[in-house]
There are 2 protein chains.
Amino acid sequence: MDKREGNGIETPMVFAAALADGMGANVCIRRLKAGETLYVEGESADYCYEIVSGVIKEYNTLEDGRRQVAEFYSAVEMFGFSESEDQLHTAEAITPCTVRCYPREAFMKTVAASPALSASFLKTLMTRLHRARERMVMIGRMSAIQRVATFLLRLADDQEARANVHLAMSRQDIADHLGLTIETVCRTLTELKKQQIIVMESARIFTIADEASLEAVAMGSRARLH
Amino acid sequence: MDKREGNGIETPMVFAAALADGMGANVCIRRLKAGETLYVEGESADYCYEIVSGVIKEYNTLEDGRRQVAEFYSAVEMFGFSESEDQLHTAEAITPCTVRCYPREAFMKTVAASPALSASFLKTLMTRLHRARERMVMIGRMSAIQRVATFLLRLADDQEARANVHLAMSRQDIADHLGLTIETVCRTLTELKKQQIIVMESARIFTIADEASLEAVAMGSRARLH
DNA sequence: CGCCGCCTTGACTCCCTTCAATGCGAGTGG
DNA sequence: CCACTCGCATTGAAGGGAGTCAAGGCGGCG
């Protein structure tokens, strides 16, 4: 299973286009500041969203306050659909964001009415499911350094860059995404720096200095701490 | 997030019925012995499946031979759809099984062509996605005993029983499902026995003796080993 | 300048894995 | 009927990787 596929633009053009046709009048744009929530777990799910710019994290909060970040979404991804009437996650902007909002009922009807849209939407969901399972493998079976390496590689791929890759999210967000603690994420990044596999331009910007090694670490070559 | 919802019959009746109408002629039945594989990761995905009887595990194998079991499927669940042309998982019978096989192309077309079927199928996929995310939380944030307790409760719910609940899968399968080792699963079960929260009739049959405690353990009351 | 949030590092602990041996039930053949 | 075996399950001992607790460090902003 390739951990690095399935990124980039996963919402075929036909999607946005046909949607705009079908329900143009009801769509609205919303702008969010960093830290603002788009929706909160438990509230009524009235809209589906398409992200135009910025980065959004979707997460659950456990009883003890810990979080599990299910996904980070960036430009042109759709999200916010749920099989229940209520939102099952909380979505929060981690950078200033622009999102397009589709009324849920109308959105679902429009999709169900068009075979082409249905097929696209099904595909999006299946991709999402596949990603979730990849991450289950990652969280369940990979060491901290493997998880972080995999995460960095995915970010670099998404941004189609190897130098000055931007970390939109905080260390805490990364930890919550990878099923680690913030301290472990830090130490692991430090270790990758020490091994000169990555260079940190700043806390939020990094460059991959040795991609082969980073991939080797991600694949589980026993490159240990120490 | 309630860990115990979303089980049981998740494929609405309209599904099977309309499918039978739409493509009755092309559907075939297949029987599997325990241990037989239905499909293997990487091979061409020509069918979608509906399980009539028995239990199937769907998993990935990592380079080093470890496995991550994505799901166990039992009666009346549909599975085997993938966004790619190829199977992304391996499906293997863990008991003797009967499955109904739908040719993939025709299946997808039939679904996309019918708004009602589309809606059902979407719901199934969203439920599956939700389950995958619940399990990400479980694997990423819960202790071994919490995971095992949660797993036992889910099994009992699926079988709608509290006594003589059947474990169709081996300890290894459970471990691979929960992101643990077989030894940890064993020790954890032993600990739950010692605390008289469960009783093991045999290695593969258990009874929940103290459901409240089992739920407390699953929720994370600090019931430690020792 | 000084506060505040985020990040980093250190020391210690502990839960889970690893490695290794033993138990146990079912099927087989002498 | 019983010895033998094979796969699965259980238990023990030891070690390590990541969590926890605690103390700075650093950069941005009023």
Distances under 3.5 Å between protein N/O atoms and the N/O atoms of nucleotides 21-27 of chain D, please, pair by pair.
| residue | atom | partner | partner atom | Å |
| --- | --- | --- | --- | --- |
| D:dC21 | N4 | A:E183 | OE2 | 3.0 |

Could you go through the side chain to side chain donor-acceptor pair (under 3.5 Å) check for B:E92 and B:Y59 one step at a time?
CA-CA 8 Å; B:E92 181 182 322; B:Y59 63 89; 2.8 Å; yes
Flag, side chain of A:R204 to backbone of A:A168, donor-acceptor distance under 3.5 Å
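Yes; judged by distance alone, with no hydrogens or angles, the pair exists.
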In whole angstroms, how far is the P atom of D:dG17 from the CG atom of A:L178?
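Interatomic distance, CG of A:L178 to P of D:dG17: 18 Å.
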Atom pairs, N/O to N/O, protein against nucleotides 21-27 of chain C, distance under 3.5 Å?
none

Interatomic distance, B:K194 NZ vs D:dT11 P [rounded to whole Å]
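The distance from NZ of B:K194 to P of D:dT11 comes to 7 Å, rounded to the nearest Å.
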Is there a donor-acceptor pair under 3.5 Å between the side chain of A:E36 and the backbone N or O of A:K33?
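Yes: the side chain of A:E36 pairs with the backbone of A:K33.
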Base, sugar-phosphate alone, or nothing: which one does B:G35 contact when heavy atoms must sit under 4.0 Å apart?
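It contacts nothing in the nucleic acid.
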Are the aromatic rings of A:Y47 and A:Y39 close, with centres under 6.0 Å apart?
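No, too far apart.
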Side-chain donor or acceptor of A:N164 paired with backbone N/O of A:T207 under 3.5 Å
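Not at all, since once roles are kept as given, no pair shorter than 3.5 Å links the two residues.
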Closer than 4.0 angstrom, basic N to acidic O: yes or no for A:D176 and B:R141?
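Result for this pair is yes, salt bridge flagged.
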Could you check how far CD of A:Q146 sits from C1' of D:dG17, rounded to whole Å?
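Checked: the CD to C1' distance equals 13 Å.
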Atom pair distance, as rounded to whole Å: CG in A:D173 and P in C:dC6:
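It works out to 10 Å between those atoms.
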Consider side-chain contact (heavy atoms from CB on, under 4.5 Å). Of A:L155, A:T188, A:L167, which one does A:I174 pass it with?
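Among the candidates, only A:L167 passes.
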Whether A:T190 contacts C:dT8 is assessed here as follows: a side-chain N or O lying under 4.0 Å from the phosphate OP1 or OP2. Is that the case?
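Answer is no, no contact under 4.0 Å.
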For atom CE of B:M138 and atom P of C:dC16, their distance in whole Å:
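So the CE-P distance, B:M138 to C:dC16, works out to 13 Å.
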Euclidean distance, atom CG of residue A:D176 to atom P of D:dG19 [Å, nearest integer]
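Taking atom P of D:dG19 as the reference, CG of A:D176 is at 11 Å.
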d(CG, A:L189; C1', C:dT9) in whole Å
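The answer, rounded to whole Å, is 13 Å.
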Position toward the 5' end of DNA chain C (nearest nucleotide), A:V185 or A:G140:
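The answer here is A:V185.
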Salt-bridge test for A:R133 and B:E58: reply yes if a basic N is under 4.0 Å from a carboxylate O, no otherwise.
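A salt bridge is present here (some side-chain N lies under 4.0 Å from a carboxylate O).
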Are OP1 or OP2 of C:dC15 and a side-chain N or O of B:S143 less than 4.0 angstrom apart?
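The answer is no; no side-chain N or O of B:S143 sits under 4.0 Å from OP1 or OP2.
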Return yes if some donor-acceptor pair links the side-chain N/O of B:R135 with the main-chain N/O of B:H177 below 3.5 Å, else return no.
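Here the side-chain-to-backbone pair exists.
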Is the ring pair B:F107/B:F121 parallel, tilted or perpendicular, if the boundaries are 30 and 60 degrees?
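Taking B:F121 first and then B:F107, their aromatic rings stand perpendicular (interplane angle over 60°).
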Between B:K57 and B:E71, does any NZ, NE, NH1 or NH2 come within less than 4.0 Å of an OD or OE carboxylate oxygen?
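No salt bridge links B:E71 with B:K57.
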B:T184 side-chain N/O to C:dC16 phosphate OP1/OP2 under 4.0 Å
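Indeed not, no polar side-chain atom of B:T184 lies that close.
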Could you list, one pair per line, each protein nitrogen or oxygen that sits under 3.5 Å from a nitrogen or oxygen of nucleotides 6-9 of chain D, together with the distance?
| residue | atom | partner | partner atom | Å |
| --- | --- | --- | --- | --- |
| D:dA9 | OP1 | B:R204 | NE | 2.9 |
| D:dA9 | OP1 | B:R204 | NH2 | 3.3 |
| D:dA9 | OP2 | B:R171 | N | 3.0 |

In whole Å, I'd like the distance from the CD1 atom of B:I139 to the C1' atom of C:dT17.
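Going from B:I139 (CD1) to C:dT17 (C1'), I get 16 Å.
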Tell me whether the rings of B:H89 and A:H130 are parallel (<30°), tilted (30 to 60°) or perpendicular (>60°).
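Ring orientation, 0 to 90° scale: perpendicular.
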